[in-house]
There are 2 protein chains.
Amino acid sequence: MRKSTLEEVAAAAGVSKMTASRALRGAADVSKKTREKVLLEAERLSYVGNQLALSLSSQRTNLVAVVVPSMLNIVFPEMLAGISAGLQGSGMQAVFGISDYDMAKEREIIRDMLSWRPSAIIVTGLDQPPETVRMLQHADIPVIQLIDLDGTPVDFNVGLSHGKAGEEMAAALLAAGRRRFGYIGCGLERDLRAGKRKAGFEKVLRENGLSFQHERVDGAYSSIAHGKQLTMSMLAATRDLDCIYYSSDDMATGGAFACLELGISSPGEVLIAGFNGLDVARALPIRIATSISPRRQMGEAAATLLLSASRGNPPSEKVIAFYPEITGID
Amino acid sequence: MRKSTLEEVAAAAGVSKMTASRALRGAADVSKKTREKVLLEAERLSYVGNQLALSLSSQRTNLVAVVVPSMLNIVFPEMLAGISAGLQGSGMQAVFGISDYDMAKEREIIRDMLSWRPSAIIVTGLDQPPETVRMLQHADIPVIQLIDLDGTPVDFNVGLSHGKAGEEMAAALLAAGRRRFGYIGCGLERDLRAGKRKAGFEKVLRENGLSFQHERVDGAYSSIAHGKQLTMSMLAATRDLDCIYYSSDDMATGGAFACLELGISSPGEVLIAGFNGLDVARALPIRIATSISPRRQMGEAAATLLLSASRGNPPSEKVIAFYPEITGID
DNA sequence: GTGAAAGCGCTAACAC
DNA sequence: GTGTTAGCGCTTTCAC
């Protein structure tokens with residue numbers, strides 16, 4: 001069955017398209033009687049407005065484009081949930097795209113999304129290649145780069161410094177007396193933020209005359225199973241370690257499982273340190289150290305920011321900085 | 001800077017809108033020279049096509065609407081990743097909405113999405129209220145109900161029987177010699193599928209003259225922390241149990257953590273049984289039983305289905321059934 | 001191989 | 001309070 005149009009609703013109600021349009025949008029100056037008649041006919045005809053026509057005509061959409069690298073790492077869905085919640089009630093609608101950590105794919109997704117003329121766009125990270133940056137600049141809408149703060153934003157920037165997060169974790173672990181460090185990570189060539197954390201961590205180690213004594217890094221996607229496997233491998237090779245820093249909490253959770261299976265006392269003998277503050281890491285039977293990243297709040301902050309921007313209240317600050325809280329040490 | 005239009009590109013290239021349109025879409029009958037000129041000018045003007053105008057004019061969109069209840073339970077993002085992957089390369093674009101397990105919210109999201117005139121719509125589960133069902137029927141596009149099979153579909157149906165999954169898990173546990181069962185669940189009034197699994201499980205218990213001897217059910221959202229807490233509470237009250245069935249694997253993972261902390265031998269003394277086959281459950285230092293639900297494959301199957309439907313190849317079957325595999329028993 | 005005219009369904013702007 | 005006119009940016013259709 002063909003979808004009915006505003007014109008048909010208007011005809012059925014015996015008014016013009018314009019009056020029907022006003023009635024359906026709840027405009028003030030429509031007589032009560034007319035409004036009710038229009039709403040009744042719309043209901044009877046199962047009328048569903050056409051956003052394509054609406055947006056084309058009014059030159060604005062209620063769309064916010066969001067591009068994330070993955071759905072398989074829970075932090076991104078959590079961020080999306082934050083964005084979605086922050087947009088709640090504003091009439092804005094988030095549209096998500098997944099780039100699979102692939103810059104070329106990200107560029108194509110952004111291009112696709114821009115062709116829908118969204119009111120704003122949120123992308124992950126600050127490390128887009130020049131061509132993508134150019135597209136974003138040309139889009140002439142608020143651009144929010146989310147999660148990371150280490151770099152030069154195109155427009156708005158909401159996130160935390162991953163370099164600093166690594167530094168602070170290293171400092172906290174040193175202060176707690178740990179000295180013999182290992183590193184276990186995954187997909188650093190894709191997950192640039194994990195790389196920044198590692199670099200920050202290493203910087204502080206170096207300043208203290210130390211370095212990672214053992215490393216296991218491979219190109220696979222971050223996962224619990226992988227963290228477990230790499231930890232097993234490292235602990236089979238050496239026990240001369242009192243702390244392992246992981247690229248993220250899922251990897252660290254795998255590390256905790258490895259310790260449990262091997263019967264290695266943790267945090268006593270080896271302290272496991274991750275990043276994110278995932279639920280799973282907090283419920284673990286052994287205590288692990290982590291930096292809690294407020295990803296839901298970052299999503300909400302981004303939503304709030306772009307709502308005020310698109311309402312013409314230019315936010316005073318282009319950058320909103322968050323600070324991860326370190327837990328699980330002592 | 002205002003976005004440039006097809007008309008401007010055409011003017012710059014010295015051709016008509018129509019020719020520019022053909023060149024940009026890669027139509028066959030445009031001379032090579034003309035095409036190159038148009039592409040060059042489009043590039044120079046940073047031209048980005050306008051999908052609003054395109055879709056309004058051509059009366060079709062490349063949009064697939066998808067509504068999920070939550071982003072905080074990893075199974076839904078995994079399903080979305082499957083849909084997104086299945087759509088890859090088809091030119092179709094998935095648009096996601098989150099209902100928060102709220103039927104009224106789901107209805108409004110579906111209404112919103114339909115106003116964009118998507119080519120198909122995918123919703124979670126089969127238990128939409130009549131008004132929502134009516135909207136879906138009126139939409140006159142392929143409707144896919146995903147994940148669940150226990151009910152009457154509006155149109156297409158891809159999923160598994162959660163009732164059966166519960167039955168089969170109970171049967172398998174009984175076959176393995178377990179007799180004294182507990183149940184721990186969360187949010188069953190929202191998560192109807194968890195309720196169906198429980199009902200199936202209880203049915204088989206009843207047929208064997210058994211029942212759940214202990215239950216802990218509350219209305220919170222499913223989580224590892226919650227599963228741990230409810231398990232602690234149950235095991236503090238009784239040890240007269242040899243198996244606990246959980247509403248899902250995250251709850252079950254919490255249960256496994258509880259056993260580890262309490263030093264209860266598992267699966268020896270108490271077997272933990274969940275549902276989904278989450279990565280975390282598989283990497284756990286103790287073995288737990290679970291039904292592995294192929295959520296990514298279900299997403300991909302839905303994508304494949306609607307692609308063939310929208311290409312005019314009516315799929316022969318309206319229902320695609322998946323069967324979860326039970327692991328971790330013996 | 002290219003172009004002109006009509007129209008997709010709606011809203012903005014203005015008239016009454 | 002309601003209607004009219006014009007037009008959003010593209011594709012469809014048909015003509016050349």
Side-chain angles (χ1 to χ4, degrees), chain A residues 1-39 41-42 45-63 91 112 114-119 139-140, chain B residues 1-39 41-42 45-63 91 112 114-119 139-140:
Chain A
M1 170 205 17
R2 228 192 72 274
K3 306 244 57 158
S4 46
T5 66
L6 181 60
E7 183 141 35
E8 290 164 10
V9 173
V15 296
S16 72
K17 279 194 324 189
M18 220 29 243
T19 303
S21 169
R22 288 184 184 115
L24 288 167
R25 281 181 293 166
D29 47 359
V30 177
S31 76
K32 195 173 169 208
K33 205 175 142 191
T34 305
R35 183 199 325 283
E36 278 166 1
K37 177 71 175 152
V38 170
L39 293 178
E41 292 299 332
L45 295 169
S46 316
Y47 173 73
V48 176
N50 186 329
Q51 278 286 349
L52 299 167
L54 192 164
S55 296
L56 180 61
S57 171
S58 66
Q59 303 280 65
R60 59 195 159 67
T61 64
N62 64 347
L63 260 29
D112 268 18
L114 290 179
S115 72
W116 285 100
R117 300 294 187 268
S119 294
D140 198 31
Chain B
M1 172 205 16
R2 227 190 71 276
K3 306 242 57 156
S4 46
T5 66
L6 180 61
E7 183 141 35
E8 290 164 11
V9 173
V15 296
S16 73
K17 277 192 328 187
M18 232 12 260
T19 302
S21 170
R22 289 187 184 110
L24 288 167
R25 280 180 294 165
D29 47 358
V30 177
S31 75
K32 196 174 168 206
K33 205 175 142 190
T34 306
R35 184 201 323 284
E36 278 166 2
K37 176 72 174 153
V38 170
L39 292 178
E41 292 301 331
L45 293 169
S46 316
Y47 173 72
V48 176
N50 186 328
Q51 278 286 351
L52 298 168
L54 192 164
S55 296
L56 181 61
S57 170
S58 64
Q59 304 280 66
R60 60 195 157 68
T61 63
N62 63 347
L63 260 30
D112 269 16
L114 290 179
S115 72
W116 286 99
R117 300 292 186 269
S119 294
D140 197 33

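Because the structure is predicted, anything quoted here is derived from the model rather than measured. Order of the sequence lines sets the chain letters (A, B, ...), proteins ahead of strands, with each chain counted from 1.
- For B/L6 and D/dG7, the CG to P distance is 18 Å, given to the nearest whole Å.
- At a threshold of 4.5 Å between non-hydrogen side-chain atoms, the residues B/N50 and A/W116 do not count as touching.
- Atom CG of A/N62 and atom CD of A/Q51 lie 4.5 Å apart (nearest 0.5 Å).
- Across all strands, B/T34 comes closer than 4.0 Å only to sugar-phosphate atoms, never to a base (heavy-atom distances).
- When all heavy atoms of A/A12 and A/L45 are compared, the closest pair comes out as CB-CD1, 4.3 Å.
- Regarding B/L24, its CG atom lies at a distance of 13 Å from the P atom of C/dT2, rounded to whole Å.
- When the C1' atom of C/dG9 is taken as reference, atom CH2 of B/W116 falls 13 Å away, rounded to whole Å.
- If you take CD of B/E8 and C1' of D/dC8, they are 13 Å apart, rounded to a whole angstrom.
- One atom, CG of B/N62, and another, P of D/dC10, lie 15 Å apart when rounded to the nearest Å.
- Distance, A/E36 CD to D/dG1 P: 15 Å, rounded to whole Å.
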Taking only N/O atoms, report every protein-nucleotides 12-15 of chain C pair under 3.5 Å with atom names and distance.
| from | atom 1 | to | atom 2 | distance (Å) |
| --- | --- | --- | --- | --- |
| C/dA12 | OP1 | A/R60 | NH2 | 3.2 |

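- Distance from the side chain of A/L54 is smallest to C/dT11 among D/dT11, D/dT2, C/dT11.
- When the P atom of D/dT2 is taken as reference, atom NZ of A/K32 falls 14 Å away, rounded to whole Å.
- Of the side-chain N and O atoms in A/Q51, none sit less than 4.0 angstrom from OP1 or OP2 of C/dG9.
- Spacing between atom CG of B/N50 and atom C1' of D/dG7 amounts to 14 Å, rounded to whole angstrom units.
- Checked against D/dT2, D/dC8, C/dA4, the side chain of A/S31 finds its nearest nucleotide in D/dT2.
- Taking all atoms of both residues into account, the shortest heavy-atom contact from A/R117 to A/T61 is O-OG1, 2.7 Å.
- At a threshold of 4.0 angstrom between heavy atoms, the contacts of A/L56 include nucleobase atoms, whether or not backbone atoms are also involved.
- Across the interface with DNA chain C, nearest-nucleotide mapping of B/G14 and A/K17 shows B/G14 to be the residue nearer the 5′ end.
- A/E8 has its side chain within reach of A/T5: a pair of non-hydrogen atoms, C-beta onward, lies under 4.5 Å apart.
- In this structure, OG1 in A/T19 is found 10.0 Å from CG in A/L6, a value given to the nearest 0.5 Å.
- Checking the phosphate oxygens (OP1, OP2) of D/dG3, a side-chain nitrogen or oxygen of A/T19 falls inside 4.0 Å.
- Remark: the A/S31 side chain and the A/R35 side chain contain no N/O donor-acceptor pair separated by less than 3.5 Å.
- Contact between the side-chain N/O atoms of B/Q59 and the OP1/OP2 oxygens of C/dG9 is found at a separation under 4.0 Å.
- A close approach under 4.0 Å does not occur between any side-chain nitrogen or oxygen of A/Y47 and OP1 or OP2 of C/dG9.
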